[in-house]
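Side-chain atoms are counted along with the backbone in the values below, which use heavy atoms only and exclude waters and symmetry mates.
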Amino acid sequence: MQKALKIQDNDNVAVALQAIEKGTELTLGQLTLQVTEEIPMGHKFALRDIQAGEDIIKYGYSIGIATETIKVGAWVHTHNTKTGLGDILEYTYNPIDFNEVKGEVKSSLPDYFNGFRREDGKVGIRNEIWIIPTVGCVNDIAKAMERKARENMPKGIDEIIAFGHPYGCSQLGDDQLNTQKILAGLINHPNAAGVLVLGLGCENNSIDEMKKVIGDYNPNRVKFLICQDAEDEMEQGQQILQELVEYGLKFKREQIPVSELIIGLKCGGSDGFSGITANPTVGAFSDKLIAKGGTTILTEVPEMFGAEQILMNRCVNEDLFHKTVSLINDFKQYYMDYNQPIYENPSPGNKKGGITTLEDKSLGCTQKSGLSPVTGVLQYGEPVSSKGLQLLSGPGNDLVAATALAASGAHIVLFTTGRGTPFGAPVPTIKISSNTPLAEKKKGWIDFDAGRMLAGVSLDQISDELYQLVIDTASGFKIKAEENGYHDLAIFKQGVTL
């Protein structure tokens, strides 16, 4: 196995693929150098002398500015590099030639999966019954109902899940609307064959208010219970859940085109290999799915900062370009409104794994989107309404962003990680490791090892394998978070609490 990797020809740093001892002599292409200090695995070192004030180049782009002269072979990290990003910026639309990046339709990859066609025409990949509280006050009741209903869960129902959250009361304006939009997105999600919406009765986000946001619904599929109005809410809840189970048993898996799939793209606990292995693998998968008519969604806007112009130039028209500009600058304004630094990123775990600046993180992060054109830009909680690559407004927080992807319609979330995390979103969350040691250490968390690319497995082969795992998962295969019973919901809190 090679010890280091230079990603692009014009890079002035390379990445250590394993810990490299001080004094080690390396040959990278035509260049031979000696490492002048110990370089941790996943971290960067200089390929030539870099002067103070000069750009650090990785992935072919600047990932920051040298704060001092960095000699060839020296460690390049937070001690000698700073971000080069500014605050709110103006952008120019320079569209790329989409014919040059059009994905190849691979006939060897499946064109169908086995899913559930709902009565409204939507498609689900799970046949679950969901209990969704309107307010946090009834979370424990919802969990008690889940436990009781699961005692007699029949074959044909994949799971019965209560999604607790702390919101739904003491909220105002857009903050309450955020909660309503996310809950409505889940209530309408086709992975749920049936939904019990559970209210308390005195909350701001009452069932009557939620109905205004949910829109039209099938009363056989979506049912409501106000606990304060019920003499015995547990008894009534079990009766309703049984009705939903009987309704859900009507649905059987059938062959459905992959063009119906919507896949969310997310990373968390990234390391120095995330932008080299796992994220490019997901990007190649995204291009292959989109080439077959499918849809992917990229979110975590703060982790687009520094790579946003690349995404803007991939917008299929100028209207989407302007929406993407607003997506970026509105999120920057959000930080400024709360007097917080815009570039307070990457996290301590990211830095330990070898990521130095937000540009470093973003240029790796956005590789999950592949090379396909941007065909849609969504506000937080807005459902997908077109095919192809979508950009979704949402923060970097793992649980909040993954929930937002599900609420916008993602059937599955692909989650790349270099450090590991156990959580599961409201929809199946496939964990993809950027390095093989993580996959071997956390077998109970990781579903797919993209770190094999460092051992010579090609990007084309490994993304084909990920594509097949997605098809298998969409057809009923349970991934690790599901086997562990991990189902999390988190909502983007903005505003006062009364």
Side-chain angles (χ1 to χ4, degrees), residues 112-133 138 141-164 183-199 207 210-211 214-225 230 232-258 260-262 406-407 409-412 424-429 470-479 481-487 489:
Y112 298 91
F113 68 97
N114 292 317
F116 300 94
R117 180 73 66 179
R118 302 303 181 193
E119 290 183 343
D120 61 0
K122 291 181 179 179
V123 168
I125 68 161
R126 293 290 182 268
N127 206 40
E128 298 175 338
I129 305 299
W130 290 357
I131 306 168
I132 298 185
V138 295
I141 294 174
K143 292 300 290 184
M145 288 181 176
E146 173 200 276
R147 289 191 295 270
K148 183 67 175 175
R150 291 182 67 189
E151 291 175 2
N152 300 301
M153 188 173 69
K155 185 177 180 180
I157 298 298
D158 292 324
E159 192 58 275
I160 299 173
I161 309 168
F163 290 107
L183 297 183
L186 297 179
I187 291 166
N188 291 322
H189 199 291
N191 279 10
V195 180
L196 168 57
V197 183
L198 188 67
I207 281 176
M210 271 302 306
K211 285 181 178 179
I214 294 169
D216 294 335
Y217 64 90
N218 179 348
N220 293 319
R221 180 185 170 274
V222 181
K223 296 182 181 294
F224 304 89
L225 176 60
D232 186 335
E233 69 279 356
M234 286 298 296
E235 181 179 346
Q236 284 191 233
Q238 291 306 308
Q239 180 180 342
I240 292 172
L241 289 171
Q242 182 57 39
E243 293 172 0
L244 291 171
V245 164
E246 292 172 2
Y247 174 73
L249 289 172
K250 294 173 45 179
F251 299 99
K252 308 298 179 186
R253 288 194 182 272
E254 59 184 272
Q255 194 175 75
I256 293 172
V258 295
E260 302 266 17
L261 277 178
I262 304 171
H411 297 108
I412 293 169
V427 297
T429 307
V470 169
I471 295 300
D472 292 344
T473 303
S475 299
F477 174 75
K478 284 196 171 185
I479 45 83
E482 291 181 289
E483 289 181 346
N484 295 333
Y486 300 157
H487 304 284
L489 183 155

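Of the options E119, R118, K223, a side chain to side chain donor-acceptor pair (under 3.5 Å) to N218 is made by E119 and by none of the others. Tested against M153 for a side-chain contact (heavy atoms from CB on, under 4.5 Å), the candidates I160, L241, V245 yield a single pass: I160.
In this structure, the salt bridge (Lys or Arg N to Asp or Glu O under 4.0 Å) partners of R117, at least two apart in sequence or on a different chain, are E260. Partners of Q242 under the side-chain hydrogen bond (donor to acceptor under 3.5 Å, both in side chains) rule, at least two apart in sequence or in another chain, are E246. In this view, A142 and I131, P133, A162, L198 satisfy the side chain to side chain contact (heavy atoms under 4.5 Å, CB included) rule, not counting sequence neighbours. With sequence neighbours excluded, no residue satisfies salt bridge (Lys or Arg N to Asp or Glu O under 4.0 Å) with K478. E235 pairs by the salt bridge (Lys or Arg N to Asp or Glu O under 4.0 Å) definition with nothing, not counting sequence neighbours. Among residues two or more places apart in sequence or in another chain, the salt bridge (Lys or Arg N to Asp or Glu O under 4.0 Å) test is passed with E482 by R126.
Considering CG of L489 and CD1 of I132, their distance stands at 7.5 Å, rounded to 0.5 Å. Distance check, rounded to the nearest 0.5 Å: CG of L183 to CE of M210 gives 5.0 Å. The structure places CD of E243 at 6.5 Å from CD1 of I240, a figure rounded to the nearest 0.5 Å. Atom CG of D158 sits about 5.5 Å away from atom CZ of R253, to the nearest 0.5 Å.
Annotation for A230 and L225: closest pair CB-CD1, 4.2 Å, computed over non-hydrogen atoms. Among all heavy-atom pairs drawn from S475 and F113, the shortest one is OG-CB, 3.5 Å. In plain terms, the two heavy atoms of A193 and F251 that are nearest each other are CB-CD1, 4.4 Å. Listed here is the closest heavy atom pair of A406 and L186: CB-CD2, 4.1 Å. The two atoms that bring N191 and I125 nearest to each other are OD1-N, 3.0 Å, heavy atoms only. Taking each heavy atom of T473 and P428 in turn, the nearest pair found is CG2-CB, 4.1 Å.
Residue D232 qualifies as enclosed at atom CG: its count of foreign heavy atoms under 6.0 Å is above 12.
A donor-acceptor contact shorter than 3.5 Å is absent between the side chain of T429 and the backbone of G424. A donor-acceptor pair is defined here as one N or O able to donate and one able to accept, closer than 3.5 Å; such a pair exists between the side chain of N127 and the backbone of G248.
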> Should F116 and E254 be marked as a side-chain contact (heavy atoms from CB on, under 4.5 Å) after you check the CA-CA gap, both sets of side-chain angles, and the distance that decides it?
Replying inline: CA-CA 6 Å; F116 300 94; E254 59 184 272; over 6 Å; no

>> Before you tell me yes or no, could you show the steps for L244 and V195 under side-chain contact (heavy atoms from CB on, under 4.5 Å), namely the whole-Å CA-CA distance, both residues' side-chain angles and the distance that decides it to 0.1 Å?
In response: CA-CA 7 Å; L244 291 171; V195 180; 5.7 Å; no

>> Set out, in order, the CA-CA distance, both residues' side-chain angles and the distance that settles side-chain contact (heavy atoms from CB on, under 4.5 Å) for N188 and I214, then state yes or no.
In response: CA-CA 7 Å; N188 291 322; I214 294 169; 3.6 Å; yes

> Where do E233 and V138 land on the side-chain contact (heavy atoms from CB on, under 4.5 Å) test, with the steps shown first?
Replying inline: CA-CA 11 Å; E233 69 279 356; V138 295; over 6 Å; no

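Two residues are said to be in side-chain contact when any heavy atoms from C-beta on lie closer than 4.5 Å; I187 and Y217 fail this criterion.
Remark: K211 is positioned above the aromatic ring of F224, its terminal NZ or CZ atom under 6.0 angstrom from the ring centre and at most 45 degrees off the axis. Relative to the six-membered ring of Y247, R221 misses at least one condition, a distance below 6.0 Å or an angle of at most 45° to the axis.
A perpendicular orientation is assigned to the rings of H189 and H411, their planes being inclined by more than 60° (bins at 30° and 60°).
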